[in-house]
Amino acid sequence: MREELVARVISTPRLDLLPLRVEHAEEMAGVLADPALHSFIGGEPDTLAGLRSRYRRMTAGSPDPAVSWLNWVIRLREPSCLTGTVQATVGPSAVGPPTAGTSTVGPSDRGLVAEIAWVVGTPWQGRGIATEAARGLVTRLGEQSVHTVVAHIHPDHRASAAVATAAGLAPTGAWHDGEIRWQGSIGPRPAV
């Protein structure tokens, strides 16, 4: 039986990735309120009550003991405010974030697979926050038993493609629900 993975604080030069709590919903409802954030993923912004409910489900964890749902809010230290989220669904094969359904991408014989996602509120976009947060997340996952990182990105979403590239992922040519699967290998490298 493997050790359960738990979201812990991740610090980068400008950011703290804080483990998601239901109490974050109030501030995050404002961060995620712009309908433009849904241009590529569909849907519309959650109400405060809807976001609280979603955060309750996410913080309760995956019903599958082989899968860990790891979720963080992104806090920009100066000024101290929440700007977005990052998440990783980790298991023997990626199973998609809790809000995105199930998408098996295949088992990894050398460790766990993490399917990651990020979103940064409109007022904070274009400042490198998503890139810094995604890199911090991938670095932390590499310190765990994660070997493969996967993200699904709409083919027209150049900003997310740039974030994935900066985090060490590359497009695979495989498609899932109208998005391209990006993938990268991480984790401890063998000694030379």
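Arg21 contributes atom CZ, which lies 14.5 Å from atom CE of Met58 (distance to the nearest 0.5 angstrom). To the nearest 0.5 Å, the span separating CD1 on Ile10 from CG on Leu70 amounts to 8.5 Å. Interatomic distance, CD1 of Ile153 versus CG of Leu169, reported as 7.0 Å (0.5 Å rounding). Atom OG of Ser145 is separated from atom CG of Leu5 by 6.5 Å, given to the nearest 0.5 angstrom.
Judged by distance alone, the side chain of Arg75 and the main-chain N or O of Thr83 form no donor-acceptor pair under 3.5 Å. A donor-acceptor contact shorter than 3.5 Å is absent between the side chain of Arg140 and the backbone of Ser11. At least one donor-acceptor pair under 3.5 Å links the side chain of Thr172 to the backbone N or O of Arg181. The closest donor-acceptor contact from the side chain of Trp72 to the backbone of Arg8 lies under 3.5 Å. His176 places no side-chain N or O within donor-acceptor distance of the main-chain N or O of Glu179, the cut-off being under 3.5 Å.
Using a 4.5 Å heavy-atom cutoff, the side chains of His154 and Ser160 are not in contact. Inter-residue side-chain proximity for Asn71 and Thr59 is flagged as unmet; no heavy-atom pair is nearer than 4.5 Å. Annotation: side chain of Ile74 is not in contact with side chain of Thr85 (no heavy-atom distance under 4.5 Å). The side-chain heavy atoms of Asp16 and Arg77, taken from C-beta on, include a pair separated by under 4.5 Å. Two residues are said to be in side-chain contact when any heavy atoms from C-beta on lie closer than 4.5 Å; Leu141 and Ile116 meet this criterion. Considering only heavy atoms from C-beta on, Trp69 stays 4.5 Å or farther from Asp64 through its side chain. With a 4.5 Å cut-off on side-chain heavy atoms, Glu115 and Gln87 do not count as touching. Within the 4.5 Å cutoff, the side chain of Val73 has no heavy atoms near those of the Leu17 side chain.
Listed here is the closest heavy atom pair of Leu51 and Ala29: CD2-N, 3.4 Å. Between Gly142 and Ile186, the shortest heavy-atom contact is N-CD1, 3.5 Å. Closest approach of Leu15 and Ala133 over heavy atoms only: CD1-N, 3.7 Å. The nearest pair of heavy atoms linking Leu137 to Ala88 is CD1-CB, 4.3 Å. The minimum heavy-atom distance linking Ala25 with Arg52 is given by the pair CB-CG, 3.5 Å. Nearest heavy atom pair, residue Ala167 against residue Val138, reads O-CG1, 3.8 Å.
Both Leu20 and Val9 are assigned to one and the same hydrophobic cluster, defined by single-linkage of ILVMFWY side chains at heavy-atom distances under 4.5 Å.
The side chain to side chain contact (heavy atoms under 4.5 Å, CB included) search around Thr165 returns Trp182, not counting sequence neighbours.
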Acceptor/donor pairs from residues 30-43 side chains to any protein atom, 3.5 angstrom cut, sequence neighbours excluded:
from	atom 1	to	atom 2	distance (Å)
Asp34	OD1	Ala36	N	2.9
Asp34	OD2	Thr122	OG1	2.7
His38	ND1	Gly42	O	3.0
Ser39	OG	Ala36	O	2.8

For Thr139 and Arg135, run side-chain hydrogen bond (donor to acceptor under 3.5 Å, both in side chains): C-alpha distance rounded to whole Å, both residues' side-chain angles, the deciding distance at 0.1 Å, then the answer. CA-CA 6 Å; Thr139 297; Arg135 282 180 174 160; over 6 Å; no
Evaluate side-chain contact (heavy atoms from CB on, under 4.5 Å) for His152 paired with Asp177, printing each intermediate quantity in order. CA-CA 9 Å; His152 292 95; Asp177 288 341; over 6 Å; no
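Counted within 6.0 Å of CD on Glu23, heavy atoms from surrounding residues, nucleotides or ligands total more than 12; the atom is thus considered enclosed.
Here Glu132 pairs with Arg14 in a salt bridge; the nearest charged N to carboxylate O distance falls below 4.0 Å.
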